[in-house]
Undergrad: 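Pasting a structure here, questions to come.
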Amino acid sequence: MSTERHYEREFVRTFFTSPTAVQGEDDTAKMIRSAAGLRGMQAPDVWVPDNEDATAPSMRDEGVRNIVDVVSEHGADFPGEIHPRVVWHRDSPTTRYSGFQQILEIADPDNGAVDHIDGFVIPEVGDLDDWKKADEFITIVEHEHGLEEGSLSMSVIIESGEAELAMGNLREEMGKPSNNLERLFLLVDGEVDYTKDMRAMTPTGELPPWPELRHNTSRGASAAGLIAVDGPFDDIRDIDGYRTRMQENRAKGMTGIWSLTPAQVKEANTAPLPPQTGRWLLDVDGDEVELDAVDGKQVYDGDDLSLRETGDGYVLSVGGDERELDEDELREELLDMTAYVPSLDDIVDSMEEFEAAKEAGKGAIAMTQAATLEIDGVDVDLQKDRMWDEATYQAAQTPITLFQDVYEHRPDQHDDLAERYSEDVVERAMNVGN
């Protein structure tokens, strides 16, 4: 079975849910009406009018009508994809039938919304047989309404041990004549219900971080040619925690994350993009510190590391541990403690240089990073040489591919990207690697 993707997007940064009907409001559709107007960095890659957990059960019939009304009116202008979330449950035929009825109504061409609907999000799935039931319902809807088979994608939320185990068999099942699971798009973690299903407990009652689930979802998506998305980060005021979570996820190959507010959407849209400017980091006793760029130097301004010159060398103190070093030893020690985070411009420069070298018949070249590090007024010149070969080039291409994917599919963000990087860097980034 091939892992070739069956849809245009290679990356999804943001999965934004909105209640479809709000009780006690003159306009019960106010939340999805507001979301439909989001643009630029505040607009998600995937918008999910949520007719399940975010909407009270008594309001879900009205929620379906609101989805139809708002999407038919505003869907053509919305810059991201639209994937309504319907009700479903692996253990409830009644709930699954209700989900089928919701899909049937939303996708009815006479209602005017389906032209702007990209797919549906199915929550609370179980084993693969359950995924196939949802797939079959969507296939029936497509036939019922005269839609092209496979035109509506399906994303599932991993909220149970059953669903987590099912990802291990997904690669073998996709593409069989008995199903249309090629319509799958996103695998989304739902840590809240997963915690309940696993009967997990923490002393504070907070959610466990579930790194294993995030790894397994990312692996399952990679093996099946899909996209992995992390679940909601409930503390919407903890922006630093949100950024840290996204950074941990990206190291697992999981770029996307659930967003609960437009502010989280903006953070999640920008965090995976390459930095505007390169920066040097220094590992000080286990803590990563960003150095200040001052007058062409990288300056450490802290109390946990000190450096002084002696008559015949240096004394480096880290966390109270002093070491006497000569110039070469000091340079090697600081090289081990430093790391460079390249900007988009840096990545493009390196890729262009390697492409030129490859064109000239070279299989590998050395790339040099140099800086002057200042600690307590003492300057140390550092230089790192890194060999670039085809494998290094391919690894460096991932953030460029992400950037190109965003630029291609989100024209509403072009101005933001040009302001962030400059038009020249954007143009070069769009041409490199092609």
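Start at 1 with the first residue, then count along the sequence.
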Undergrad: Please say whether more than 12 non-hydrogen atoms of neighbouring residues, nucleotides or ligands are located less than 6.0 Å from CD in Gln247.
TA: no
Undergrad: Can you tell me if Arg410 uses its side chain to pair, donor with acceptor, with the backbone of Gly40 under 3.5 Å?
TA: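 Judged by distance alone, yes, a pair lies under 3.5 Å.
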Undergrad: So does Glu206 get a backbone contact from the side chain of Thr202, meaning a donor-acceptor N/O pair under 3.5 Å?
TA: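 Between the backbone of Glu206 and the side chain of Thr202 there is a qualifying donor-acceptor contact (under 3.5 Å).
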Undergrad: Drop me the distance from Asp345's CG to Gln276's CD, to the nearest 0.5 angstrom.
TA: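 The distance works out to 12.0 Å.
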Undergrad: Between Ser58 and Gln23, does any side-chain donor sit less than 3.5 Å from a side-chain acceptor?
TA: yes
Undergrad: Starting from the C-alpha separation in whole Å, work towards a yes-or-no answer on salt bridge (charged side-chain N to carboxylate O under 4.0 Å, His left out) for Glu390 and Lys358.
TA: CA-CA 9 Å; Glu390 186 63 32; Lys358 188 165 64 171; 3.2 Å; yes
Undergrad: Just verifying a value: how many Å separate Arg279 CZ and Tyr340 OH, rounded to the nearest 0.5 Å?
TA: 9.5 Å
Undergrad: Nearest heavy-atom pair of Met246 and Ala271: which atoms, and what distance?
TA: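 For Met246 and Ala271, the tightest heavy-atom pair comes out as CE-CB, 3.8 Å.
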Undergrad: Atom CD1 in Ile67, atom CG in Asp50: separation rounded to 0.5 Å?
TA: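 Taking CD1 in Ile67 and CG in Asp50, the distance rounds to 8.5 Å.
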Undergrad: Check the pair Asn249 / Asp230 against side chain to side chain donor-acceptor pair (under 3.5 Å), numbers first and verdict last.
TA: CA-CA 8 Å; Asn249 287 345; Asp230 190 18; 2.9 Å; yes
Undergrad: Tell me if a side-chain donor or acceptor on Asp189 pairs with a main-chain N or O of Glu191 at a distance below 3.5 Å.
TA: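 Side chain of Asp189 to backbone of Glu191, a donor-acceptor pair under 3.5 Å: no, none is there.
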Undergrad: More than 12 heavy atoms of other residues, nucleotides or ligands under 6.0 Å from CD of Glu248: yes or no?
TA: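 Buried by this count: over 12 neighbours within 6.0 Å.
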Undergrad: Between Asn111 and Val68 (side chain of the first, backbone of the second, donor and acceptor by atom type, cut-off under 3.5 Å), is there such a pair?
TA: no
Undergrad: Say whether, by atom type as modelled, one donor and one acceptor occur between the side chain of Arg331 and the main chain of Asp381 under 3.5 angstrom.
TA: yes
Undergrad: Is any side-chain heavy atom of Met387 closer than 4.5 Å to a side-chain heavy atom of Ile365?
TA: no
Undergrad: Parallel under 30°, tilted from 30 to 60°, perpendicular over 60°: which one fits the rings of Tyr242 and Phe233?
TA: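 The arrangement is tilted - the two ring planes meet at 30° to 60°.
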Undergrad: Taking NZ, NE, NH1 and NH2 as the nitrogens, is one of them in Glu105 or Arg65 under 4.0 Å from a carboxylate oxygen of the other?
TA: no
Undergrad: Any donor-acceptor pair under 3.5 Å linking the side chain of Arg183 with the backbone of Ser153?
TA: no
Undergrad: Grab the two heavy atoms, one from Thr55 and one from Ala21, that are nearest each other, plus how far apart they are.
TA: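 Of all heavy-atom pairs spanning Thr55 and Ala21, the closest is CG2-O, 3.8 Å.
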Undergrad: Verify whether one side chain among Arg428 and Asn431 offers a donor that lies under 3.5 Å from an acceptor in the other.
TA: no
Undergrad: Is it true that, when you exclude Asp238 itself, more than 12 heavy atoms of the residues, nucleotides or ligands shown sit nearer than 6.0 Å to its CG?
TA: yes
Undergrad: What is the minimum heavy-atom distance between Tyr421 and Leu273, and which atoms define it?
TA: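 Closest pair (atom of Tyr421, atom of Leu273, distance): OH-CB, 3.3 Å.
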Undergrad: Where do Thr95 and Glu124 land on the side chain to side chain donor-acceptor pair (under 3.5 Å) test, with the steps shown first?
TA: CA-CA 10 Å; Thr95 304; Glu124 297 283 8; over 6 Å; no
Undergrad: Applying the side-chain hydrogen bond (donor to acceptor under 3.5 Å, both in side chains) test to Asn66, which of Asn51, Thr28, Asp61, Thr20 qualifies?
TA: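 One option only clears the test, and that one is Thr28.
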Undergrad: Atom CD in Glu25, atom NZ in Lys30: separation rounded to 0.5 Å?
TA: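 The CD atom of Glu25 sits 4.0 Å away from the NZ atom of Lys30.
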Undergrad: Sub-3.5 Å donor-acceptor pair from the side chain of Gln102 to the main-chain atoms of Val87, do we have one?
TA: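 Yes, the answer is positive, given that a donor and an acceptor are paired below the 3.5 Å cut-off.
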Undergrad: Quick check: does any side chain N or O of Ser222 sit under 3.5 Å from a backbone N or O of Ser218, one acting as donor and the other as acceptor?
TA: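 No; zero donor-acceptor contacts below 3.5 Å.
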Undergrad: What pair of heavy atoms forms the shortest contact from Asp197 to Glu159, and how long is it?
TA: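 Reported closest heavy-atom pair: CB-O, 3.7 Å.
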Undergrad: If we ignore hydrogens and angles and just use 3.5 Å, is the side chain of Arg39 paired with the main-chain N or O of Asp412 as donor and acceptor?
TA: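 Not at all, since once roles are kept as given, no pair shorter than 3.5 Å links the two residues.
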Undergrad: I'd like to check Phe185 versus Leu226 (side-chain heavy atoms, cut-off strictly below 4.5 Å). Are they in contact?
TA: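 Phe185 vs Leu226: side chains apart.
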Undergrad: Does any part of the side chain of Leu170, heavy atoms only, come nearer than 4.5 Å to the side chain of Leu128, both counted from C-beta?
TA: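 Sidechains of Leu170 and Leu128: in contact.
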Undergrad: Would a 4.5 Å heavy-atom cut-off, applied to side chains only, mark Leu260 and Thr17 as touching?
TA: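 The answer is yes, as the side chains (C-beta and beyond) meet within the 4.5 Å cut-off.
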Undergrad: For atom CD of Gln383, is the number of surrounding heavy atoms from other residues, nucleotides or ligands below 6.0 Å larger than 12?
TA: yes
Undergrad: So Val156 and Leu184, side chain to side chain contact (heavy atoms under 4.5 Å, CB included) or not? Walk me through it.
TA: CA-CA 8 Å; Val156 298; Leu184 280 165; 4.1 Å; yes
Undergrad: For a side chain to side chain contact (heavy atoms under 4.5 Å, CB included) with Trp131, tell me which candidate from Arg90, Glu136, Met167 qualifies.
TA: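 Among the candidates, only Met167 passes.
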Undergrad: Taking Lys384 for the side chain and Leu335 for the main chain, is one N or O donor matched with an acceptor at less than 3.5 Å?
TA: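 Side chain of Lys384 to backbone of Leu335, a donor-acceptor pair under 3.5 Å: yes, one is there.
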Undergrad: Taking the six-membered ring for Trp, is the centroid-to-centroid distance between Phe78 and Trp47 below 6.0 Å?
TA: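 Under 6.0 Å, so yes.
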Undergrad: Which pair of heavy atoms, one from Pro123 and one from Arg85, lies closest together, and at what distance?
TA: CB-NE, 3.9 Å
Undergrad: Both conditions, 6.0 Å and 45 degrees, for the charged tip of Lys132 above the ring of Phe137: are they met here?
TA: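 Cation-pi check for Lys132 and Phe137: fails.
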Undergrad: Count the heavy atoms belonging to other residues, nucleotides or ligands that lie under 6.0 Å from CG of Asp283, then report whether that count exceeds 12.
TA: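 Enclosed.
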Undergrad: Are the aromatic rings of His414 and Tyr407 close, with centres under 6.0 Å apart?
TA: yes
Undergrad: Determine whether Glu408 and Gln404 satisfy the following criterion, side chain to side chain donor-acceptor pair (under 3.5 Å), listing intermediate values before the conclusion.
TA: CA-CA 6 Å; Glu408 179 183 354; Gln404 292 171 342; over 6 Å; no
Undergrad: Give the C-alpha distance, both sets of side-chain angles, the deciding distance and a yes or no for side chain to side chain donor-acceptor pair (under 3.5 Å) between Asn180 and Glu149.
TA: CA-CA 9 Å; Asn180 284 316; Glu149 189 171 301; 3.3 Å; yes
Undergrad: Any side-chain heavy atom of Val48 within less than 4.5 Å of one from Trp258?
TA: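 Sidechains of Trp258 and Val48: no contact.
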Undergrad: Can you see which heavy atom on Val125 is nearest to which on Ala163, and at what distance?
TA: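 Shortest heavy-atom contact: O-CB, 3.5 Å.
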Undergrad: Would you please say whether a donor-acceptor pair under 3.5 Å links the side chains of Asp379 and Thr372?
TA: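 Checked: Asp379/Thr372 side chains show no N/O donor-acceptor pair below 3.5 Å.
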Undergrad: Do Thr392 and Arg386 make a side-chain contact, defined as non-hydrogen atoms from C-beta onward lying under 4.5 Å apart?
TA: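 Side-chain contact under 4.5 Å: yes.
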Undergrad: Enter the distance from Arg245:CZ to Asp235:CG here, rounded to the nearest 0.5 Å.
TA: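 If I round to the nearest 0.5 Å, the distance is 12.5 Å.
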Undergrad: Determine, stepwise, if the pair His215 / Leu213 fulfils side chain to side chain contact (heavy atoms under 4.5 Å, CB included).
TA: CA-CA 5 Å; His215 168 75; Leu213 174 64; over 6 Å; no
Undergrad: How about Ile106 and Ile117: do any of their side-chain heavy atoms sit closer than 4.5 Å?
TA: yes
Undergrad: Surrounding CG of Asp115 (heavy atoms of other residues, nucleotides or ligands, distance under 6.0 Å), is the total greater than 12?
TA: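 Count over threshold, so yes.
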Undergrad: To the nearest 0.5 Å, tell me how far Ser155 OG sits from Glu81 CD.
TA: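 The distance works out to 8.5 Å.
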Undergrad: Would you mind reporting whether Trp88 and Asp130 have side-chain heavy atoms less than 4.5 Å apart?
TA: yes
Undergrad: Go through the structure and list residues passing side-chain contact (heavy atoms from CB on, under 4.5 Å) with Ser72, not counting sequence neighbours.
TA: Ala113
